[in-house]
Amino acid sequence: MNEHYNPQTLEPTWQTRWEERQAYEVSDDASSTGYVLEMFPYPSGAMHMGHVRNYLIGDVIARYMRLQGTEVLHPMGWDALGLPAENAAIKDKQHPEKRTAENIKSFKNEMKRLGFSYQWSREISTADPNYYKWNQWFFLKMRERDLVYRRKASVNWCNDCHTVIANEQVVDGCCERCNGTVIVRQMPEWAIRITNYAERLLENLDQLIHWPTEVIKKQRNWIGKNEGVFFDFKVMNTDVTLRVFTTRPDTIFGCSYLGISADHPDIAAIVTEKHKQQTDRFIKDQTTQKTTRQHDRSDIPKEGVNTGAIAIHPMTGEKLPVWLANFVVSDYGTGAVMSVPAHDQRDMDFAQTYDLPIKAVIKPSDNQDTDIHNGVAFIDEGILVDSDSFTGLTSKQATIAIAQHVQKQNIGEPAVTFRQRDWGISRQRYWGTPIPIVYCDQCDPNHEGIAVPYEDLPVKLPDIDVEQVLTGRGEPPLAKVSSFLNTTCPLCKGPATREAETMDTFVDSAWYFARYLDPHNNDLPFTSDKANQWFPIDVYIGGPEHSTMHLLYCRFWMMVMNEMGLTTHQEPIKTLITQGIVNGPDGRKMSKRWGNVVSPSDIIKDYGTDAVRTFVMFAGPMDKDIKWSNEQVEGCHRFLHRLWRLAYNHRDSVSILSKQSVDHDLEIQRETHKTLKRVTTDFERHSFNTIIARCMELVNFLTARKLTHTDQEKNSIVEAIQLLAAMLFPIAPHITSEIATTYCSEHLLDLGKFPTYIQELTVDKHVNYTIQINGKRRGQVTAASDATEEDIKTLINDMSQITRYLEGTIIKTIFVPKKLINFVVKP
RNA sequence: CCGAGUGUGGCGAAACAGGUAGACGCAAGGGACUUAAAAUCCCUUGGGCUUUAUGCCCGUGCCGGUUCGAUUCCGGCCACUCGGACCA
């Protein structure tokens with residue numbers, strides 16, 4: 001090895017060497033296998049530190065697992081389709097394919113310079129027709145299973161641009177682009193029945209014991225299971241029965257009106273002639289208003305209008321008015337609620353505004369007064385009053401009793417609802433997977449959609465004139481490409497048109513982890529053999545912002561693949577790691593706006609990859625946000641320097657390895673093995689920052705030690721440096737590989753096994769006992785590690801600074817072996 | 001409003017099963033080497049008190065509880081961060 005540590009020449013040399021010998025390829029028939037995956041990137045302009053941290057965590061884990069003799073699948077690919085590329089294309093009139101290809105190239109170069117150990121032979125890109133072909137295949141397979149269907153969905157529609165726009169593009173109820181009026185419109189779209197799996201997605205969460213509890217809680221919340229009761233209210237003088245959902249059937253006797261959403265399907269059938277004009281106006285207001293207030297909806301004043309319809313209370317036969325109400329949403333429950341003003345604040349506010357009756361039917365179990373007469377609903381559980389035969393029951397008892405009653409009398413039924421909605425996947429975009437459907441007026445007059453035959457897949461994105469097609473307004477881009485749009489019907493061979501909308505890119509990422517297993521398969525997305533060999537993913541790393549959408553879609557897709565017989569697993573991910581953000585040196589989020597963006601390539605130029613890698617892992621626990629600090633990077637660089645110098649200074653001692661049976665210097669060997677033990681457990685619990693701290697301690701110890709240059713010393717120092725190289729290899733692979741060429745007889749990777757510590761060497765013969773009196777530390781004493789309580793007491797007898805506290809009665813003594821002794825003294 | 005998370009020196013942080021709070025690093029101060037600087041190495045570094053000691057008091061957002069002992073467990077508050085939001 002060279003006298004001077006020079007990462008700029010050393011690191012590329014090793015990177016080339018690894019690439020040439022294909023150091024990270026795995027075979028499909030390995031006996032011990034692992035799968036480490038980082039969420040694949042959307043290849044935008046330049047890689048930032050957040051990416052670096054994400055991939056680095058995966059790389060460190062993958063390298064550690066390999067050192068343990070596991071064949072690790074560690075692939076990388078590109079989430080290349082999507083909105084940002086299309087928006088960029090609209091802006092600078094360049095085809096998204098071209099830009100995406102350039103970005104992928106630059107990302108890949110940066111990844112190589114960072115020394116990530118990927119199997120590039122398995123690289124995938126979702127923009128590749130050979131990839132999105134399988135999106136289309138899954139789409140059709142799921143449609144056959146009735147998991148894909150056509151529905152009407154509310155969208156924001158700009159009347160002037162004649163286009164669907166996203167929520168973020170609606171500003172004060174107007175189109176961000178043209179300032180035209182935005183209305184809510186019902187449009188047909190393709191959707192996936194993920195809600196069929198809501199129950200199982202929820203249940204399986206219990207199995208995911210290696211997921212952050214935070215994510216589990218978020219998913220549980222997102223799925224939002226609610227148990228309650230449906231009540232059926234007959235509407236007088238009509239055939240309509242309004243079904244409502246409630247989680248509080250115990251309050252049914254306090255119901256004084258019904259509220260229904262402005263787009264409830266039964267409105268036309270129940271509104272009386274007299275009220276028609278005002279309900280029509282209200283409905284029209286609601287459709288425009290909905291878009292204007294995206295946030296803080298709870299602040300919107302309660303508004304509504306009477307429909308004139310009269311509903312019959314299913315339990316009492318009372319006549320109740322039916323109101324349209326702006327606080328009732330159509331896509332949860334049944335879109336209709338039984339309003340109990342005394343026990344629900346929204347119902348109360350509404351009842352006060354429109355002077356509707358308020359009837360208390362629950363009283364607090366401690367008989368306290370309520371503020372119902374002051375307009376404050378009593379929403380807690382309690383004891384039923386004025387509730388017919390249920391009076392006197394507790395809320396819990398009544399909930400069960402009423403549910404049973406309802407079922408027996410056939411006036412409703414117990415019900416479970418979920419907050420989670422089905423997954424709408426249609427997008428009015430170009431840069432996505434074409435939906436493999438054609439419409440034929442002859443064979444399919446209702447335009448339910450005819451599947452493109454499997455042998456015709458993939459339906460490829462057509463090449464386009466960017467300026468003409470990607471305008472960001474009007475119909476979906478593909479509808480403007482006649483060569484794409486016009487086709488023949490697979491059934492009658494007559495003229496037909498293709499579906500012009502594309503798929504949500506969350507489809508691409510819902511199953512990509514499975515394609516890595518078999519990326520070149522032309523007959524199937526992957527074979528079940530390979531799935532069973534590699535699944536589940538051992539460790540998956542990504543940002544916590546994907547806690548719900550992406551990670552729910554993945555889990556859902558895996559369940560479907562399981563039902564299709566593609567895999568025996570139901571859950572794709574064993575361990576999930578959510579990494580924190582890398583903020584700028586000022587503590588704010590890195591952003592051009594603040595001018596605090598630190599570019600990985602600049603830092604690598606100054607300090608080398610290993611220093612960057614060491615800093616990012618050292619800065620804090622991986623799930624917490626960290627702040628970029630040039631000073632700390634420099635500190636890490638200094639540490640690597642010290643390590644290098646230590647190895648260089650002792651390089652001649654390596655010859656000791658050729659001598660037979662040389663003893664060890666016990667002090668050095670103990671320190672080394674104690675470090676190794678802690679580092680091993682720290683790797684297992686993914687505590688990378690403390691691994692580096694431990695190694696720093698050992699390097700400091702070895703550097704500070706005054707040497708006499710005995711064979712024993714040399715022997716132990718050589719061992720320490722060998723083990724340091726192995727311990728730090730996953731984090732700083734370049735410098736340690738170089739050190740290993742001098743210190744290990746063979747290359748470090750070929751050792752194949754992470755070193756194991758010698759247990760006896762990690763146990764100290766003497767330890768420090770803390771001496772406490774009444775829980776306060778009063779001193780310490782060194783004693784044999786197997787000392788008894790009596791031994792310690794004997795030692796303390798000679799210590800005047802301790803015994804002076806022991807005057808009085810010793811009530812109790814607590815003795816913790818190897819740690820402390822505590823006297824409880826009463827003066 | 002609801003939900004989740006976080007809160008420890010000047011700063012990033014450690015303390016793994018309730019047992020010496022502040023490991024490791026940064027910054028700062030002092031010193032060595034040097035004509036000088038850089039680099040490197042050594043020492044000090046939570047706050048306070050005095051009798052300068054193997055000393056004492058305080059200290060992990062705040063208040064309380066459990067315990068011989070609490071950064072750690074429990075209850076209540078405060079602050080910040082991130083999600084969700086009229087979910088019946």
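Under the 4.0 Å criterion applied to side-chain N and carboxylate O atoms, A:Lys225 and A:Glu199 are assigned as salt-bridge partners. We find that A:Glu214 and A:Lys217 are not joined by a salt bridge, their nearest charged nitrogen and carboxylate oxygen being 4.0 Å or further apart. Salt bridge absent: A:Arg638 and A:Glu631 never bring a charged side-chain N and a carboxylate O closer than 4.0 Å.
The nearest whole Å value for the distance from the CZ atom in A:Phe245 to the C1' atom in B:rC86 is 16 Å. Rounded to an integer number of Å, the gap from CZ of A:Arg777 to C1' of B:rC58 is 16 Å. Separating the CE atom of A:Met338 from the C1' atom of B:rC87 is a distance of 15 Å, rounded to the nearest angstrom. Across the protein-nucleic acid pair, A:Leu820 atom CG and B:rU67 atom C1' stand 14 Å apart, rounded to whole Å. If you measure from atom NE2 of A:His546 to atom P of B:rG84, you get 12 Å, rounded to the nearest angstrom. The distance from atom NZ of A:Lys776 to atom P of B:rU67 is 18 Å, rounded to the nearest whole Å.
In this structure, A:Pro621 reaches the sugar-phosphate backbone alone: every heavy-atom distance under 4.0 Å involves primed, P, OP1 or OP2 atoms, never a base. Using a 4.0 Å heavy-atom criterion, one finds that A:Val328 contacts the bases of the nucleic acid, with or without backbone contacts as well. Within 4.0 Å (heavy atoms only), A:Asp682 reaches no atom of the nucleic acid at all. Residue contacts for A:Thr681: at a heavy-atom cut-off of 4.0 Å it reaches no nucleic acid atom on any strand shown. The residue A:Gly635 sits close only to the backbone: its heavy atoms come under 4.0 Å of sugar-phosphate atoms, none of a base. Counting any heavy atom pair closer than 4.0 Å across all strands shown, A:Ser629 reaches no nucleic acid atom. Using a 4.0 Å heavy-atom cutoff across all strands shown, A:Arg220 reaches no nucleic acid atom at all. Across all strands, A:Asn689 comes closer than 4.0 Å only to sugar-phosphate atoms, never to a base (heavy-atom distances). Contact annotation for A:Val337: base contact, defined as any heavy-atom pair under 4.0 Å involving a base atom.
Within the 4.0 Å cut-off from OP1 or OP2 of B:rA88, at least one side-chain nitrogen or oxygen of A:Asn226 is found. Regarding contacts with the backbone of B:rC56, a side-chain N or O of A:Tyr805 is found under 4.0 angstrom from either OP1 or OP2. Of the side-chain N and O atoms in A:Arg645, one or more sit less than 4.0 angstrom from OP1 or OP2 of B:rC41. A sub-4.0 Å separation between OP1 or OP2 of B:rA85 and a side-chain N or O of A:Arg419 is absent. Side-chain nitrogen and oxygen atoms of A:Arg346 include none within less than 4.0 Å of the OP1 or OP2 phosphate oxygen of B:rC1. Between A:Asn822 and B:rG19, a side-chain N or O to OP1/OP2 separation shorter than 4.0 Å is absent. Using a 4.0 Å cut-off, no side-chain N or O of A:Arg642 falls inside it from OP1 or OP2 of B:rC24.
A donor-acceptor contact closer than 3.5 angstrom links the side chains of A:Asn226 and A:Tyr332. With hydrogens and angles left out, the side-chain atoms of A:Thr782 and A:Asn768 include a donor and acceptor closer than 3.5 Å.
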- request: Check step by step if ring-ring contact (aromatic ring centres under 6.0 Å, His included) holds for A:Tyr607 and A:His637.
  value: CA-CA 7 Å; A:Tyr607 299 103; A:His637 183 64; 5.4 Å; yes
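Between A:Ala619 and A:Thr334, the residue anchored nearer the 5' end of RNA chain B, judged by the nucleotide with its closest heavy atom, is A:Ala619. Comparing A:Cys636 and A:Arg421 by the nucleotide of RNA chain B that holds the closest heavy atom to each, the one mapping nearer the 5' end is A:Cys636.
Checking A:Asp250, A:Thr251, A:Thr246 one by one against A:Arg248, the side chain to side chain donor-acceptor pair (under 3.5 Å) holds for a single residue, A:Asp250.
One N or O donor and one acceptor, one from the side chain of A:Gln772 and one from the base of B:rG19, sit under 3.5 Å apart.
Straight-line distance between the P atoms of B:rG18 and B:rA28: roughly 38 Å, to the nearest whole Å. Across B:rG19 and B:rC56, the matching C1' atoms stand 22 Å from one another, rounded to whole Å. B:rG9 and B:rA15: their C1' atoms are spaced 15 Å apart (whole Å).
Shown here, B:rA17 is classed syn by the O4'-C1'-N9-C4 or O4'-C1'-N1-C2 angle, which is within 90° of 0. Taking the syn range as angles within 90° of 0, the glycosidic angle of B:rG9 is syn.
Separation of the A:Tyr805 and A:Phe823 ring centroids does not fall under the 6.0 Å cut-off. Two rings, from A:Trp423 and A:Phe506, have their centers 6.0 Å or more apart.
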List every contact pair, protein side and nucleotides 4-11 of chain B side both N or O, where the distance is under 3.5 Å.
unit_1 : atom_1 : unit_2   : atom_2 : d
B:rG5  : OP1    : A:Lys217 : NZ     : 3.2

